Amino acid sequence: CYDAGAEGAPPQRIRWDGRARNGEQVLSAETYRWRLEVADVLGNTTVREGDLPVDVLVEPYQGGYRIQVPSITFPPNSAELRFNGDNEVAAQNQRVIERIVEILSRFPEYSIVVEGHAVNISGTEREQEQELIPLSRRRAQAVRDALIDRGVPATIVDAVGRGGAVPIVDHADEEMRWKNRRVDFILQR
């Protein structure tokens with residue numbers, strides 16, 4: 001984030017640290033909108049806008065690595081992982097899965113646990129046990145199958161459903177709880 005009140009010549013190169021103004025880190029395989037507005041001392045202003053795609057992020061996690069991806073998308077209450085069709089969701093799923101396969105090939109000595117996560121809107125144990133864990137397990141299995149179809153050895157990939165048990169934001173946060181609906185890839189030796 002560049003200081004909006006800065007004076008003088010702008011730097012030759014503006015680098016983004018991958019954090020929002022509130023300090024939150026970007027999410028894997030998401031696209032962020034950017035806007036740059038520059039005004040000179042004479043009042044001339046120019047504005048540039050664009051999209052900034054973020055690659056899949058691999059982070060250290062419990063002695064191994066983790067990839068968190070909220071942009072693998074399923075239809076509501078479904079474990080159908082769509083890759084075909086003219087819609088952007090299918091194209092995004094295809095791009096993200098292919099990129100994850102490429103990244104996983106760099107970790108041949110690791111096993112992979114695909115974790116499905118969900119949003120527990122009601123906050124009840126009944127929803128967690130009867131709906132979210134089975135659904136997130138089927139979604140994780142669909143992602144596992146997609147990895148195997150693209151060459152990841154079946155012997156090193158497992159799938160589990162976590163439901164809403166491991167949120168990254170409070171489920172009550174209506175604006176941000178979509179982040180809890182995600183797929184995590186846990187790489188372990």
Side-chain angles (χ1 to χ4, degrees), residues 18 24-32 53-85 87-108 110-122 127-171 173-189:
E24 186 175 303
Q25 183 176 334
V26 297
L27 299 173
S28 280
E30 289 288 326
T31 300
Y32 291 86
V54 174
D55 199 359
V56 171
L57 306 172
V58 180
E59 62 183 345
Y61 181 76
Q62 297 181 353
Y65 296 97
R66 174 176 65 184
I67 301 169
Q68 289 186 315
V69 183
S71 59
I72 296 174
T73 306
F74 296 87
N77 301 313
S78 169
E80 180 187 357
L81 185 55
R82 295 181 181 164
F83 295 114
N84 300 320
N87 66 52
E88 181 56 33
V89 169
Q92 173 78 2
N93 284 343
Q94 182 73 21
R95 282 191 303 272
V96 171
I97 292 292
E98 287 177 1
R99 183 65 177 132
I100 287 172
V101 168
E102 184 181 330
I103 289 169
L104 293 177
S105 71
R106 299 179 189 163
F107 297 89
Y110 286 80
S111 61
I112 302 142
V113 177
V114 179
E115 293 183 344
H117 296 269
V119 175
N120 190 335
I121 294 173
S122 72
E127 180 184 20
Q128 171 70 1
E129 294 298 322
Q130 294 179 10
E131 296 174 29
L132 299 179
I133 288 177
L135 177 61
S136 62
R137 184 182 306 122
R138 289 191 312 273
R139 288 177 171 179
Q141 185 64 46
V143 171
R144 178 187 184 270
D145 293 346
L147 296 176
I148 293 166
D149 289 347
R150 286 158 180 80
V152 176
T155 56
I156 67 166
V157 187
D158 196 12
V160 296
R162 301 280 185 226
V166 191
I168 54 178
V169 299
D170 190 321
H171 290 301
D173 184 342
E174 290 183 27
E175 185 177 321
M176 301 305 280
R177 69 181 172 205
W178 62 270
K179 293 179 181 182
N180 295 334
R181 190 176 295 115
R182 68 190 190 278
V183 178
D184 288 356
F185 301 83
I186 309 299
L187 285 70
Q188 307 166 330
R189 283 189 188 241

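This structure is a prediction, so every number in the text was calculated from the model and none was measured. Both backbone and side-chain heavy atoms feed into the values below; hydrogens, waters and symmetry mates do not.
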Student: Any salt bridge (Lys or Arg N to Asp or Glu O under 4.0 Å) pairs touching residues 147-161, not counting sequence neighbours?
Tutor: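 Listed by first then second residue: nothing to list.
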Student: Once you round to the nearest 0.5 Å, how far does CZ of R182 lie from CD1 of I67?
Tutor: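 If I round to the nearest 0.5 Å, the distance is 13.5 Å.
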Student: Scan residues 57-84 for pairs that pass salt bridge (Lys or Arg N to Asp or Glu O under 4.0 Å), counting only residues two or more places apart or in two chains.
Tutor: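 Qualifying pairs: E59-R66, E80-R82.
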Student: Just wondering, do I97 and F83 contact through their side chains at under 4.5 Å, heavy atoms?
Tutor: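 With C-beta onward as the side chain, the pair touches.
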Student: For I156 and Y110, work out which heavy atoms get closest and say how close.
Tutor: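 That closest heavy-atom pairing would be CD1-O, 3.8 Å.
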Student: Nearest 0.5 Å please: distance from the CZ atom of R162 over to the CG atom of L132.
Tutor: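 The CZ atom of R162 sits 14.0 Å away from the CG atom of L132.
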Student: Got a sec, which residues hit salt bridge (Lys or Arg N to Asp or Glu O under 4.0 Å) with E102, two or more places apart in sequence or on another chain?
Tutor: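 Result, salt bridge (Lys or Arg N to Asp or Glu O under 4.0 Å) vs E102: R99, R106.
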Student: In sequence, state the C-alpha distance, the side-chain angles, and the governing distance for F74 and L135, and then conclude on side-chain contact (heavy atoms from CB on, under 4.5 Å).
Tutor: CA-CA 11 Å; F74 296 87; L135 177 61; over 6 Å; no
Student: I need the minimum non-hydrogen distance between A90 and N87, along with the two atoms involved.
Tutor: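 Between these two residues, the closest heavy atoms are N-OD1, 2.7 Å.
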Student: Would you name the heavy atoms of A140 and G116 that are closest together and state the gap between them?
Tutor: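 Minimum heavy-atom separation between A140 and G116: CB-N, 3.6 Å.
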Student: Could you check whether any side-chain heavy atom of Q188 comes within less than 4.5 Å of a side-chain heavy atom of S111, counting everything from C-beta outward?
Tutor: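 Touching, per the 4.5 Å side-chain cut-off.
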Student: Compare every heavy atom of S71 with every heavy atom of V96, then report the nearest pair and how far apart it is.
Tutor: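 Of all heavy-atom pairs spanning V96 and S71, the closest is CG2-OG, 3.8 Å.
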Student: Would you check, one step at a time, whether the test side-chain contact (heavy atoms from CB on, under 4.5 Å) holds for V143 with F185?
Tutor: CA-CA 10 Å; V143 171; F185 301 83; 3.7 Å; yes
Student: Looking only at non-hydrogen atoms, find the nearest pair between A146 and L81 and report the distance.
Tutor: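 Looks like CB-CD2, 4.0 Å.
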Student: Out of curiosity, E88 CD to N93 CG, how far, rounded to the nearest 0.5 Å?
Tutor: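 With rounding to 0.5 Å, CD (E88) is 9.5 Å from CG (N93).
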Student: Would you please name every residue forming a salt bridge (Lys or Arg N to Asp or Glu O under 4.0 Å) with E174, sequence neighbours left out?
Tutor: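 So E174 forms no salt bridge (Lys or Arg N to Asp or Glu O under 4.0 Å) with any residue.
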Student: With sequence neighbours left out, which residue pairs that include part of residues 134-144 fulfil the salt bridge (Lys or Arg N to Asp or Glu O under 4.0 Å) condition?
Tutor: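 Of all non-adjacent pairs touching residues 134-144, none passes salt bridge (Lys or Arg N to Asp or Glu O under 4.0 Å).
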Student: Are N180 and H117 close enough, and set up right, to give a side-chain contact (heavy atoms from CB on, under 4.5 Å), and what steps lead you there?
Tutor: CA-CA 6 Å; N180 295 334; H117 296 269; 5.9 Å; no
Student: With side chains defined as the heavy atoms from C-beta onward, is the minimum distance between V166 and E115 less than 4.5 Å?
Tutor: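 A side-chain contact is absent here, since even the closest heavy-atom pair is not under 4.5 Å.
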Student: Who are the salt bridge (Lys or Arg N to Asp or Glu O under 4.0 Å) partners of E127, not counting sequence neighbours?
Tutor: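 Checked E127 against salt bridge (Lys or Arg N to Asp or Glu O under 4.0 Å); zero matches.
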Student: If you take all heavy atoms of D184 and Q68, which pair is closest and at what distance?
Tutor: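 Looks like OD1-CG, 3.1 Å.
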